[in-house]
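These notes concern the structure reproduced below.
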Amino acid sequence: MSGSSTEMRTHMCGEPRASEIGSTITVCGWVGRRREHGEHLAFVDLRDHTGLLQCVVDGSVDVRSEYVLSVTGTVSARPDGTVNDKLPTGEVELTDCTVEVLSVAEPPPFPLDERAEEVDETIRLRHRYLDLRRETMQDNLRKRARISSAIRSSMDGQGFVEVETPMLIASTPEGARDFVVPSRLHPGNFYALPQSPQLFKQLCMVGGLDRYYQIARCMRDEDLRADRQFEFSQLDLEMSFAGQQDVLDSVTTAVGAAVAAVGGEPIGDIPRITWREAMDRYGSDKPDIRFDMELVDLTEVFVDTGFNAFKAASIKGIVHRGGSESTSRNRLDDLTESAKRWGAKGLVWMRVEEADGGGVSLSSPIAKFLSEEELAAIADRLGAEAGDLCYLVADDWHRTCHVLGLLRLELGRPAVNEGGLRFLWVVDFPLFEDVDETSGRPVPAHHPFTMPHDEDVALLDGGPEELLAVRSQAYDLVLNGWELGSGSVRIHRAEVQSRIFDLLGIAPEEANAKFGFLLEAFRYGAPPHAGFAFGLDRLVALLLGADNIREVIAYPKTQSGGDPLTSAPGPIDRAHLEELGLRLLPQGT
RNA sequence: GGUCCCGUGGUGCAGUUUGGAGUGCACGCUGGCCUGUCAAGCCAGAGGUCGCGGGUUCAAAUCCCGUCGGGACCGCCA
């Protein structure tokens with residue numbers, strides 16, 4: 001029985017089959033539905049995580065929903081005409097039953113079947129132990145465990161060493177807001193919980209571990225979302241004497257093992273595009289490539305335009321195939337409002353109609369401001385056909401891409417469980433995401449230990465234009481439009497590192513105070529190294545078709561960071577505070 | 001910090017637009033009947049701070065203000 005039999009049971013509820021007819025077995029589980037037919041006959045569905053078994057008992061036995069029973073009886077063939085082909089155990093039933101009530105149960109506060117999907121999530125979380133009894137949640141957690149296990153096996157097989165890093169670490173002001181823990185032995189001082197084991201894994205490389213990995217818990221005190229919890233799990237890895245391709249290969253192998261563990265199609269080679277191309281074609285650094293609707297560049301068409309709104313650095317368009325009929329004027333107004341909220345000055349839309357003399361014509365409130373040649377060029381470049389709806393945005397390159405990228409998702413994005421699994425590597429991220437206008441300092445796009453592209457190092461000495469053109473050896477893994485994770489080749493040479501710190505305006509003393517231990521470690525012989533981290537919760541959710549990572553986390557928190565089960569967070573008493581050397585400010589300050 | 005949506009017996013909903021008795025539906029629960037059901041069936045019954053507070057009104061689930069809780073999103077998440 002594959003290890004499922006115990007002192008208390010011989011079989012799991014989902015196991016008995018016709019081949020075992022005649023044997024006497026004992027099963028344990030929870031009472032599902034009962035069907036009573038008077039004092040002489042009742043059917044009780046006994047349930048555990050493997051399935052359901054119908055037990056035929058005397059109708060005078062008082063068992064209720066969710067009572068915990070041990071039932072000993074004979075596996076019997078069901079009488080003719082009563083076989084239930086919807087159940088794996090439906091050919092048999094347990095007869096001559098001896099029922100022992102192991103625990104009584106109050107009626108559950110919500111139905112423990114698929115109808116629970118409709119129940120207020122707070123109620124599910126308040127009684128999460130009941131929610132977990134449901135088949136869907138059992139399935140989610142068991143598949144998650146299989147995925148974790150497959151990832152560990154894959155990493156072990158690739159020669160990675162699993163290392164645990166500390167949870168109580170020094171706070172660093174960069175990046176996400178830390179959760180902090182007051183120190184009793186050092187009043188007035190605090191530990192931080194790790195946002196990621198970033199610095200420790202690099203130290204592991206200096207320490208000669210060669211290949212490190214960990215399924216690490218990370219904590220960030222930032223607002224929660226459907227795909228973000230305070231605490232989350234990452235597959236975190238780092239490799240010595242390795243470059244980008246090595247990391248991509250290792251991660252691909254691990255992710256492939258994860259997909260295979262839940263019966264997905266082999267992922268094959270993951271396509272790769274540059275950040276620049278991703279922005280150009282999809283308007284996003286995490287493109288959802290389950291559907292096309294790519295951005296088309298129209299800037300050249302309008303170099304000499306007389307239409308003021310199109311005298312812009314970048315003009316792009318997308319085509320909603322056959323969208324004209326299904327899109328009302330009201331909807332177009334809503335989309336225009338959305339585009340403005342996303343930062344655009346406006347949104348130009350054009351309905352594509354059959355032209356009198358063959359071909360197509362474009363109908364739009366702004367068509368009268370454009371020349372025949374311009375209209376023809378738009379239709380031609382967009383490949384517009386009658387019935388299509390075209391959208392154009394004109395602005396600087398970044399904003400044009402961003403707005404059309406969001407519009408593309410709004411118009412075409414499939415549901416979470418449709419369109420298969422479309423992984424994508426996005427490479428050559430810019431080293432800096434912006435240059436601060438007042439200070440002239442570049443703003444790092446990744447962390448400050450990210451290696452610039454070798455051929456772009458010279459650009460570090462240039463002005464804002466050159467700085468923004470510097471590519472980094474940083475890469476993201478994207479799945480169906482969700483950012484799964486990111487990584488980079490790290491700087492291991494002191495002179496490059498100090499150049500970066502200098503550019504970012506981090507003085508040597510400051511760098512020393514924040515990262516001194518890492519910089520010191522690098523003075524003792526740092527191997528070139530590169531790494532990656534990706535969110536396990538997000539991967540599991542997407543593999544299981546969940547649109548929300550709470551569905552694949554046993555005990556998640558609500559959007560406001562509370563736990564309805566334990567009522568965390570809560571106050572602590574005065575003595576406790578005093579021991580930690582803390583005093584609360586009055587409320588409302 | 002901001003925008004939007006939701007809150008009515010244990011659960012899911014209708015009722016709110018246009019104020020008029022806690023009115024209705026399904027599931028669950030309790031009791032009764034029932035020897036082949038599997039969403040069992042039939043009969044009867046219990047169960048309510050309409051999230052909370054204030055206001056308008058002869059009268060508030062319904063209108064107004066505030067507040068709490070939940071969700072989606074923007075900001076934020078190196």
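Residue contacts for A:T82: at a heavy-atom cut-off of 4.0 Å it reaches a base atom on one of the strands shown. Using a 4.0 Å heavy-atom cutoff across all strands shown, A:S65 reaches sugar-phosphate atoms only and no base atom.
For RNA chain B, the residues of residues 34-50 of chain A within the heavy-atom distance limit of 4.0 Å (strictly under) are A:R34, A:R35, A:E36, A:H37, A:G38, A:H40, A:L41, A:F43, sorted by number. Scanning residues 466-490 of chain A for heavy-atom distances under 4.0 Å to RNA chain B yields an empty list. A heavy atom lying under 4.0 Å from RNA chain B marks the following residues of residues 109-119 of chain A, by number: A:P109, A:P111, A:R115, A:E118, A:V119.
Residue A:R126 contributes atom CZ, which lies 13 Å from atom C1' of B:rG10 at whole-angstrom precision. In this structure, A:D80 atom CG and B:rU37 atom P are separated by 13 Å, rounded to whole Å. Distance A:E121 CD to B:rG71 P: 6 Å, rounded to the nearest Å. Rounded to whole Å, the distance from CG on A:L52 to P on B:rC38 is 14 Å. Here B:rC29 presents its P atom at 12 Å from OH of A:Y67, a figure rounded to the nearest Å. Between the CG atom of A:D120 and the P atom of B:rA72 there is a distance of 12 Å, rounded to whole Å.
A:Y555 OH to A:R128 CZ: the interatomic distance, rounded to the nearest 0.5 Å, is 8.5 Å. The distance from atom SG of A:C401 to atom CG of A:D396, rounded to the nearest 0.5 Å, is 9.0 Å. Taking CE of A:M219 as the reference point, atom CD of A:E231 lies at 5.0 Å (rounded to 0.5 Å).
Residues satisfying the side-chain contact (heavy atoms from CB on, under 4.5 Å) test with A:R17, not counting sequence neighbours, are A:S19, A:E20, A:P88, A:T89. Residues passing the side-chain hydrogen bond (donor to acceptor under 3.5 Å, both in side chains) test with A:R441: none are found, sequence neighbours excluded. In this view, A:A445 and A:E433 satisfy the side-chain contact (heavy atoms from CB on, under 4.5 Å) rule, not counting sequence neighbours. Residues meeting the ring-ring contact (aromatic ring centres under 6.0 Å, His included) test with A:F522, sequence neighbours left out: A:H529. Taking A:V56 as the reference, A:L41, A:F43, A:E93, A:T95 meet the side-chain contact (heavy atoms from CB on, under 4.5 Å) condition, with sequence neighbours excluded. Under the side-chain contact (heavy atoms from CB on, under 4.5 Å) criterion, A:P528 pairs with A:F241, A:H492, not counting sequence neighbours.
Listed pair A:T558 / B:rG70 meets the phosphate criterion, a side-chain N or O lying under 4.0 Å from OP1 or OP2. Put simply, A:S560 has a side-chain N or O that comes within less than 4.0 Å of OP1 or OP2 on B:rG70. Contact between the side-chain N/O atoms of A:R33 and the OP1/OP2 oxygens of B:rG28 is found at a separation under 4.0 Å.
In this structure, a donor-acceptor pair under 3.5 Å is absent between the side chains of A:T136 and A:D139.
Here salt bridge (charged side-chain N to carboxylate O under 4.0 Å, His left out) pairs that include residues 63-83 of chain A, with residues two or more places apart or in two chains, are A:R47-A:E66, A:D62-A:R64, A:E66-A:R133.
Of the P atoms belonging to B:rU67 and B:rG2, the separation is 10 Å, rounded to the nearest Å. If you take atom C1' in B:rG1 and the same atom in B:rG20, they sit 43 Å apart, rounded to whole Å. Taking the P atoms as reference points, B:rG24 lies 14 Å from B:rG47, given to the whole Å. Comparing B:rU18 with B:rU57, their C1' atoms are spaced 16 Å from each other, to the whole Å. Spacing between B:rG55 and B:rU62 at atom P, rounded to whole Å, works out to 14 Å. Atom name C1', nucleotides B:rG36 and B:rG41: the rounded distance is 13 Å, in whole Å. Nucleotides B:rC50 and B:rC13 are separated by 14 Å at their C1' atoms, to the nearest Å. Between the C1' atoms of B:rU17 and B:rC77, the separation comes to 41 Å (whole Å).
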Nucleic acid footprint by protein, nucleotides 73-78 of chain B - heavy-atom cut-off 4.0 Å, B for base, S for sugar-phosphate alone: BBBBBB
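Looking at every heavy atom in both residues, A:C97 comes nearest to A:V57 through CB-CG1, 3.9 Å.
With a 3.5 Å ceiling on both atom-pair distances, the Watson-Crick or G-U wobble partner of B:rC63 is B:rG55. Across all strands shown, B:rC76 has no partner, as no Watson-Crick or G-U wobble contact with both distances under 3.5 Å is found. Using the Watson-Crick or G-U wobble rule with both distances under 3.5 Å, B:rA44 pairs with B:rU30.
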Evaluation steps, ring pair (Phe, Tyr, Trp, His ring centres under 6.0 Å), between A:W425 and A:F534: CA-CA 12 Å; A:W425 288 112; A:F534 73 77; 9.2 Å; no
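When ring centroids are compared, A:F200 and A:Y212 stay outside the 6.0 Å threshold.
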Return all side-chain donor-acceptor pairs below 3.5 angstrom for residues 475-483 of chain A, not counting sequence neighbours, or 'none' if the list is empty.
residue : atom : partner : partner atom : Å
A:Y475  : OH   : A:S488  : N            : 3.4
A:Y475  : OH   : A:S488  : O            : 3.2
A:Y475  : OH   : A:G531  : O            : 3.1
A:N480  : OD1  : A:R422  : N            : 2.8
A:N480  : ND2  : A:G420  : O            : 2.9

